[in-house]
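Letters go in sequence order (proteins before strands), and every chain restarts at 1.
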Amino acid sequence: MSIEPTTLSKQIIDDYFRSMDVLKVVRATAYPRATETMDDIIEMVDGLVQRGMAYESNGSVYFSVRKAKEYGKLSGQTLDQMVAGARIDPGEDKRDPMDFAVWKAAKPGEISWTSPWGEGRPGWHIECSAMCLKHLGKTIDIHGGGTDLVFPHHENEILQSEAYNDAQFVRYWMHNGMLTIDEEKMSKSLKNFFLIDAVLAKYSPQVVRFFILNANYRHPLEYDSSSLDDSKKALETLQNSYDEMKAHAILADGRDDAGRLCEDVWCDFETKMDDDFNSRDAIAVMYDFAREANRLRNEGSLSMKGADRVVGVFDRFDSLFDVLVSESQLNLVKEGAAQALNEAEINRMLSQDHIPDGDVERLVGARQDARKRRDFATADNIRNSLAEKGVDIQDTQEGTVWKRK
RNA sequence: GCCGGGGUGACAGAGAGGCCAUGUGGCGGACUGCAGAUCCGCAGACAGGAGUUCAAAUCUCCUUCCCGGCUCCA
C-alpha cells in the first residue's frame with residue numbers, strides 16, 4: 001500500500017495543528033514549507049556552487065566542509081575528530097567523507113524537481129537555510145529545535161547560510177530537551193511513543209501545559225503518569241486560589257489592597273522568565289504569591305479591591321501560561337442563604353439527571369440549613385448525591401462553594 | 001572512541017560560590033460535625049574522591065553512571 005508524499009504530509013500537518021490547537025499553542029505567523037520554497041533552495045545551492053563552497057557530482061551537489069572557516073562552532077565537533085570516528089562511510093560522489101548533500105540526484109521513482117543539475121531534491125538542512133533567509137533575513141535572533149538536531153543539522157545550516165550570506169546566521173540557539181520515557185528519547189523508531197490524544201483523554205490541556213512548564217526547556221523531561229498526577233494536583237492549588245479570589249469568597253472587606261504584593265510578584269516573575277525562560281522558578285513565585293494572598297484572605301485583611309488585584313495578577317500570569325482557567329466556575333453560596341426544603345423537594349431535585357444551577361443553589365442552601373440543625377445525615381446525603389451528579393461542594397468560612405467537575 | 005548535556009531529599013524538578021527553592025507525598029498543628037480547601041510548623045538532598053576558597057550542590061581535576069548526537073532518512 002502506498003500513499004502520495006504530498007497526501008501524507010497534509011495529513012500529518014492537519015493532525016499537528018489539531019493537536020496544537022487543543023493544547024492551546026498559539027499559531028506562528030507563517031508556516032513555510034520546503035516544497036513551496038524550491039526556487040529559493042535552488043538559488044541558494046547554485047550560489048554556493050558559484051562561490052566555490054559546494055560542487056556538483058553525478059547530479060548531486062555537496063558542501064565542502066573543508067572550505068568552511070568555522071566548522072563545529074555550535075557542537076564543538078572538529079573535522080579531524082569526526083574523520084577519526086568509526087561511523088563515517090565516504091560516499092563515492094563526495095570529495096571528503098564529511099561533505100554533505102545540499103542537492104541530491106533523484107533516484108528512480110522518487111519525488112523530484114527540475115534543477116540546473118538535473119532532476120533531484122533538496123538535501124537535508126538546505127531548506128531550513130533557504131526558508132530562514134526568505135522569511136526572516138540573513139541573521140535571525142532565535143533559532144529553536146531539539147537537542148538531537150544540534151549536530152549535524154543545525155551545524156550544517158550555519159555552514160550553508162553563513163557561506164551564502166556572509167553574515168552571522170543565528171544570535172541565540174534555543175535547544176529543547178527530549179521528552180523521554182524510561183529515560184529514553186521518545187521516538188517513532190523506538191516505538192516508545194504515544195499520541196497526544198491518549199494523554200488528553202486522561203489529562204486536561206491545562207495540566208499537560210503545566211507539566212511541561214514545570215521543567216526547564218533545555219533539559220530532558222521524563223514522562224510518566226504520576227508526574228502528570230502531581231502536576232494536576234499542584235495546578236489545582238493555583239486554580240483554587242484564583243477561583244476563590246474571583247468569586248470574591250473573602251471573609252471580610254479588609255484594609256489590605258495587596259498592592260505591594262502584586263507589584264513584587266510580577267517583578268519576581270519577570271526576572272525568572274528573563275533568565276532563559278525559567279518557567280519552573282516563575283511558577284514557584286506564583287505559589288508564594290498564592291499562599292500570601294490566601295493568607296491575607298484567611299486573616300480577613302484582604303480588601304475587595306485587593307482580591308481584584310490578585311485576580312489581575314493571575315490573569316496576567318495566565319495570559320502567558322494559559323493553565324488556570326478551568327471549564328467549571330466556582331460559585332459561592334453565602335452562609336446566610338440557608339433555607340429549609342422538605343425532604344420530598346430535596347429528593348426530587350437530587351433525582352434529576354442534570355441538576356440546574358438554581359436547584360444546586362437551593363440544595364446547597366438546604367444543606368446549610370440541615371447543618372445548622374445538626375442534621376448531618378441530610379447534609380451528607382445532599383453532598384454525596386451532588387457529588388454523584390458531578391457537583392463538588394466545599395464548606396468554607398465564608399459559606400459553601402460549589403463547582404461542576 | 002569523539003562531541004554535547006546530565007547525576008539534587010520518597011518522587012518530580014529549580015538553583016550555578018555564602019542566604020528558603022518549589023510542588024506532590026510524609027509527619028505535627030490550626031480551622032471543621034465530617035470531608036475538602038486553606039494556613040502554620042517539621043523531617044529529608046546535592047553520584048564518589050581529591051583540590052581551590054574564610055565559604056562549594058555551585059569552581060578545578062580524577063573516577064563512575066545515565067541521556068542525546070556522530071552513515072542514510074527527518
key: Closest-nucleotide ordering on RNA chain B, the 5'-leading residue of A:Lys185 and A:Pro122   = A:Lys185
query = RNA chain B: A:Asn278 or A:Ile283, which has the more 5' nearest nucleotide?
reply = A:Asn278
What nucleotide among [options] has an atom nearest to a side-chain atom of [X]?
X        : options             : answer
A:Asp148 : B:U24, B:G68, B:U22 : B:G68
A:Tyr287 : B:C34, B:U38, B:U22 : B:U22
A:Asp395 : B:G33, B:U22, B:A21 : B:G33
A:Arg374 : B:G69, B:G5, B:G33  : B:G33
A:Asp380 : B:G33, B:A14, B:A21 : B:G33
A:Asp230 : B:G23, B:C40, B:A21 : B:G23

Could you tell me whether a side-chain N or O of [X] sits under 3.5 Å from a main-chain N or O of [Y], the two making a donor and an acceptor?
X        : Y        : value
A:Glu345 : A:Asn342 : no
A:Lys305 : A:Asp257 : no
A:Arg280 : A:Asn214 : yes

remark   = For RNA chain B, the expected dot-bracket line (Watson-Crick or G-U under 3.5 Å, [ ] crossing, | inter-strand) is (((((((..(((.....[...))).(((((.......)))))....(((((..]....))))))))))))....
Would you tell me if any nitrogen or oxygen in the side chain of [X] comes within less than 4.0 Å of OP1 or OP2 on [N]?
X        : N     : result
A:Arg121 : B:A74 : yes
A:Lys233 : B:G23 : no
A:Asn214 : B:G13 : no
A:Lys104 : B:C72 : no
A:Arg291 : B:C40 : yes
A:Thr237 : B:U24 : yes

inquiry  = Within the 4.0 Å heavy-atom criterion, would you say A:Arg280 contacts the bases, only the backbone, or no part of the nucleic acid?
reply    = base
ask   = Within the structure shown, what part of the strands sits under 4.0 Å from A:Asn294 by heavy-atom distance: base, sugar-phosphate, or nothing?
value = sugar-phosphate
Specify whether [X] and [Y] have parallel, tilted or perpendicular ring planes, treating 30° as the upper limit for parallel and 60° as the lower limit for perpendicular.
X        : Y        : result
A:Trp117 : A:Trp103 : tilted
A:Phe211 : A:Tyr223 : perpendicular
A:Phe269 : A:Phe321 : tilted

key: Stacked pair A:Phe376-B:G33, distance under 5.5 Å, angle under 30°   = yes
Using the [atom1] atom as the point on both nucleotides, what is the distance between [M] and [N], in whole Å?
N     : M     : atom1 : answer
B:G15 : B:U53 : P     : 28 Å
B:C42 : B:C34 : C1'   : 26 Å
B:A30 : B:C59 : P     : 45 Å
B:A14 : B:G23 : C1'   : 11 Å

remark   = Whole-Å distance, A:Trp124 CH2 to B:A74 P, equals 8 Å
ask   = Do other residues, nucleotides or ligands put more than 12 heavy atoms under 6.0 Å from the CZ atom of A:Phe277?
value = no
query = Near A:Arg260 CZ, under 6.0 Å, is it more than 12 heavy atoms from other residues, nucleotides or ligands?
reply = no
